[in-house]
Each structure stands twice: as structure tokens, then as C-alpha cells.
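In the text below, chain A, chain B and the rest are named by the order of the sequence lines, each starting its count at 1. Just so we're clear, the structure is a prediction, and the values are computed from it rather than from any experiment.
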Amino acid sequence: MSSSEGKLKPSSSELDLDRPNIEDYLPSGASIHEPHGKLRLRDLLDISPILTEAAGAIVDDSFTRCFKSNPPEPWNWNVYLFPLWCSGVVFRYLILFPVRAIVLTIGWMIFLSCFIPVHFLLKGNDSLRKKWERVLVELICSFFVASWTGVVKYHGPRPSMRPKQVFVANHTSMIDFIILEQMTAFAVIMQKHPGWVGLLQSTILESVGCIWFNRSEAKDREIVTKKLREHSQGADNNPLLIFPEGTCVNNQYSVMFKKGAFELGCTVCPVAIKYNKIFVDAFWNSRKQSFTMHLLQLMTSWAVVCDVWYLEPQNLRPGETAIEFAERVRDIISVRAGLKKVPWDGYLKYSRPSPKHRERKQQSFAESVLRRLEEK
Amino acid sequence: MGNTSSMLTQYDIEEVQQHCNKAFSQQEIVSLYERFCQLDRNGGGFVSAEEFLSVPEFAVNPLSQRLLRMVDGLNFKEFVAFLSAFSPRATLLQRIEFIFKVYDSDGNGKVTFNDMLDVLHDLTGQFISENQRKQVLTQVLDEAGYTKESLLVLSDFVKILGSSGLKMEVEVPVD
């Protein structure tokens, strides 16, 4: 859905200088050891540490690893297991899938036949209409979850409707939203999608109060932050759900959280989601498949099994910046869901890193050269 | 993409291994092929500069442009040969040869004062002035017995860099 064709342009506002130090995370050759002694020709010509870092990045890098699909191990590799697997395939595609499709269709019919009347007839009585719409959205999400035989275990206290609180969660696929929504009707902030998803976004999700953004718009960020703030202050708005990673990650790593959710002056309630890979790889690799294909893949798998943890609400500590707050919450979520943290901004999928990182390396090398020139 | 190692036959693996002078084991070559396919997103059979630069760790490297000139558009066999200098099995001479090639951008076997100045510029960016760079380079060349007009060849590099071990190894992750 989001295209990776076309030139990547250097990002402007997304990557701030005051991020935690990336050098702490990168495999370092030159970064740790401080060369001493008088500067010799050898020291200038020996570019091996920098070349090693570059070659290391070519061979394997922590950013690409975040977006690698991890299909379950194939187990159908011998004469006995293969027929078993084949009959499994037949069962999944010819029995499970049609049953699920029927269940989903029934769910949609019930939903639409209730939602449309409620939406139009109760136009006068706003609070009642909102209450019903909330219940109906939770209903259709439950139907969706049933259509993949979703087995979701919720841990922790259920979210309550209070003002001045936002929920943040790690992001693996758009189904994260559906899984959380079936329990509580959140208002969510989402990238506007084309196609039938976009239609759903502009009609049904509008009723629970969703906020749209456009990744490619730089100015968009300020407008969105303002909308977020307004929403979170409102007393009878649905609780706001934000995915601070900004993009889908493969449920084994977490990328850096955007600070937007953490500077609204609200309590942040972390939610951790972990999918059980044995049943299906729930990662939506938007570069490889459309959302429709992704849903179909889920509907022809055995089950989607996941755990959802509602964790302890966090507040901004005195003297903590929004970025530090975001990192602290990311740490809480990553530990709970067993995710490895990487220091990359998820938007690097769509844009190049800021030149500031390279400049920092250049500066440290330059300073070392000048310093050693002075030594005897 | 599916199981990529099935697209590489045993014959292919051996051919690649021969081409890089056995710098990598067969398992490592299979892993490198998976990586190559992962980077080559449009499936053209070679990794373009854009695709390399989409790896943020590579894009922030000061020498990325120089390396791109050497690695852009290589097919898989040449890609492995390019990386062979970083294998733990590579000899010191192979590593020094690689470094020499990075400096010798026009490939004529001679590294000039300007070549070295260019690399120093890549490494230090705007944090040292051009004059200071020239000064530093002239000074260390002088101490090593060369002049501004000297043309360094591979044997000079061996003499300068060969004295203490060069740490230039990259581990290929093998599942």
C-alpha cells in the first residue's frame, strides 16, 4: 500500500538531534577505542573501522531486521507429515475459510442494519447515539476477530473512559487496532488509506472519533498534534489509541516511539501486544502485500493467537523530556512483549536518515585528528 | 518471496565460492544470497544505490558514496567477491588491496595526494577546513618519507599499513 518506489527524500522534521545517542546501539569499531599518540600517515590511511561498519551494515542491519516477515517453520517435510499438512490446507481453505467468510458477512449485515438506523435516527440525541455506535463498533470488531479464530488473552485492568489519558501500543498490523477495539471502543489516529479501508475509515471509524494524518505531509504533524491535544482534553471523547512507532514492525523488534503522544500533558497507558508465531505470522508487511491479501491470509490460517497486556499508566516525571518519556514507555512495552529495541525511526522506511548522524561521526574523527596532531 | 535458498543451486554456490577464492563457506554464501535478495527489492538481479541507501546504518557512513561507486549494480557473484575482503579468512594483503581500491577512485593503480585528500574530506566533513586538511596530510606524508607529488602504489600501502594487524572482519549471520 505504501510505495517504496520513487526516490527516498531526506526527512526534515522527523529526526531531531536530541534523540538518544544512536552510537550507543551501533556496532562500533572506531567509536569505542580512542586512538592515542602522535598522528602518523598510517592513522590517516587506515579506514578499516569505518569500512567494517559499512560492510557490516551491508551484510546485516538492525533496521531491515525489524521488517522481515518470519513465517512459521515449515514442518511438512517428510512423507508422513506432508499428507497431514495437505489435509490441513484443504480443511483451512475449503471448510474454515468459507465458514469464517459467512460469519463475517452475517456480522456485517447485523452491524449495518443496526448502525445505519442508529446513526441517522438518533441524530438528535448525541450521547445515546454515541453509546450505541460504540457498542456496535465493538461488535463488528468481535466478528472480525472471530473470522480469524482470534484467541486473545487480555491481561490487566480494562481501559476506562477518563479524560486526559492516551493509550499507546506497539504496532504489528492493522489488526492490532481491531483486537484492541473489540474490548474498548478507542478513538484512533491512523494513516488515511485508499480503497475499501479508506471507506471504512471515513464512515464507521469517524463515529468513534478518529484522527487522520498523512505521512508525506510535513506540516501535517503540527495540525495532528493540535487535534490530538483537543481530543484528549474532551471529557466524553472515546479514549485515544496511538501507535507511536508510526509503522508496522514485525513483532520481534520495536522501533523508536514518536514523541507526539507523550507531549499532550496526559497520562500514558502502555499496551503491549504479542502474537504467537506458531499459528500465523501476524506482521503486515505493507511492502509485500495489500491489507486485503493480509486479511485473507489470516482467514485461511488456523488461528490468530495473541496476548494483550494493559500495563500501568505512566506520567511524565519531573525533569524528563518527552523523548525520554517515550523511550521509557517503549522500554516497558518491549520488556513485556519480548521485543528487542532498535534505535531507528520507523519512518526511515520512507526517507533517508538525517545528515546529522554522519556529521557526528565526521566531527569526532576530525577532533581526534586535530588533537593527535598536537601530540608529540 | 518464499524459500530463497531453493533458487540457488549447489552448482551456483560452488561457482560463487570459486569466484571469491573460498573466502566464504557455503552456508555463508546461502545467507548472503538471502540478504542480497532482501536488499534487491525490485528483483532486478542487482542491488541499486537507492536500495543500499535504504539501509540507514549504511547511509550514515561517511564513506558510503565511495563504497557505492564500487558496489552499485553488482550481481550476486561480484557482490560476494566485493565482501570477501571482510571475511575472517581474507589475508592481510587482500584487505590492504581493498583499502587501496577505495582510495584509488580512477582505478589506475596510483593514489595521489588529491585522492587521499578526498577521502580525508569524506571522513572529516565540514569540521576541518580544506587548508588544514592539506596541512595535516602534507605533514604526515613528509614524516613518512613522501612528498605532495608522490604517487603511492599498492606496495607503499602494504608498507604503511602492514605493520600491525588490520581489524576488518564482518560476521555473516548463519541461521
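Contact of B/Val111 with chain A is not made at all, since no heavy-atom distance falls under 4.5 Å. In this structure, the portion of A/Arg40 lying under 4.5 Å from any heavy atom of chain B is its backbone and not its side chain. In this structure, chain A has a heavy atom under 4.5 Å from the side chain of B/Gln139, while its backbone stays farther away. Proximity to chain A (any heavy atom under 4.5 Å) is restricted, for B/Met116, to the side chain, taken from C-beta onward.
Within the 4.5 Å cutoff, the side chain of A/Glu359 has heavy atoms near those of the B/Phe127 side chain. Residues A/Leu45 and B/Ile99 fail the side-chain proximity criterion, which asks for heavy atoms closer than 4.5 Å. Side-chain contact between B/Lys167 and A/Thr52 is absent, with no heavy-atom pair separated by less than 4.5 Å. Residues A/Leu51 and B/Phe98 meet the side-chain proximity criterion, which asks for heavy atoms closer than 4.5 Å. In this structure, A/Leu41 and B/Glu143 have side chains that are not in contact, with every pair of non-hydrogen atoms separated by 4.5 Å or more.
Note on B/Val47, B/Leu63, B/Val172: by heavy-atom pairs under 4.5 Å with chain A, the leading option is B/Leu63. Between chain A and the options B/Leu32, B/Val136, B/Asn42, heavy-atom pairs under 4.5 Å are most frequent for B/Val136. When each of B/Phe82, B/Tyr103, B/Tyr146, B/Phe58 is checked for heavy-atom pairs under 4.5 Å with chain A, B/Tyr103 comes out on top. In terms of non-hydrogen atom pairs under 4.5 Å with chain B, the most contact-rich of A/Leu44, A/Leu370, A/Leu39, A/Ile58 is A/Ile58.
Nearest heavy atoms, B/Val170 versus A/Gly56: CG2-N, 3.5 Å.
Residues B/Arg35 and A/Asp61 are paired through a salt bridge, judged by an N-O separation under 4.0 Å between the basic side chain and the carboxylate.
Within 6.0 Å of CE in A/Met293 there are 12 or fewer heavy atoms belonging to other residues, nucleotides or ligands. Within a 6.0 Å sphere centred on CD of B/Gln27, other residues, nucleotides and ligands contribute 12 heavy atoms or fewer.
Using a distance-only test at 3.5 Å, with no hydrogens or angles considered, no donor-acceptor pair links the side chain of A/Arg352 to the main chain of B/Ser54. The backbone N or O of B/Asn61 sits nowhere less than 3.5 Å from a side-chain atom of A/Glu53 that would complete a donor-acceptor pair.
Between the CG atom in B/Leu123 and the CZ atom in A/Arg358 there is a gap of 11.0 Å [rounded to 0.5 Å]. B/Glu169 contributes atom CD, which lies 11.0 Å from atom OG of A/Ser48 (distance to the nearest 0.5 angstrom). Taken to the nearest 0.5 Å, the CZ atom of A/Phe365 stands 11.0 Å off from the CG atom of B/Asp122. Atom CD of residue B/Glu57 and atom OG of residue A/Ser62 lie 4.5 Å apart, to the nearest 0.5 angstrom. Atom-to-atom distance recorded for A/Ile47:CD1 and B/Leu67:CG is 7.5 Å, nearest 0.5 angstrom. Atoms CD and OG1, from A/Gln362 and B/Thr124 in turn, are 7.0 Å apart once rounded to the nearest 0.5 Å.
Considering B/Val55, B/Leu53, B/Val60 as possible partners of A/Pro353, the one that fulfils the side chain to side chain contact (heavy atoms under 4.5 Å, CB included) test is B/Val60.
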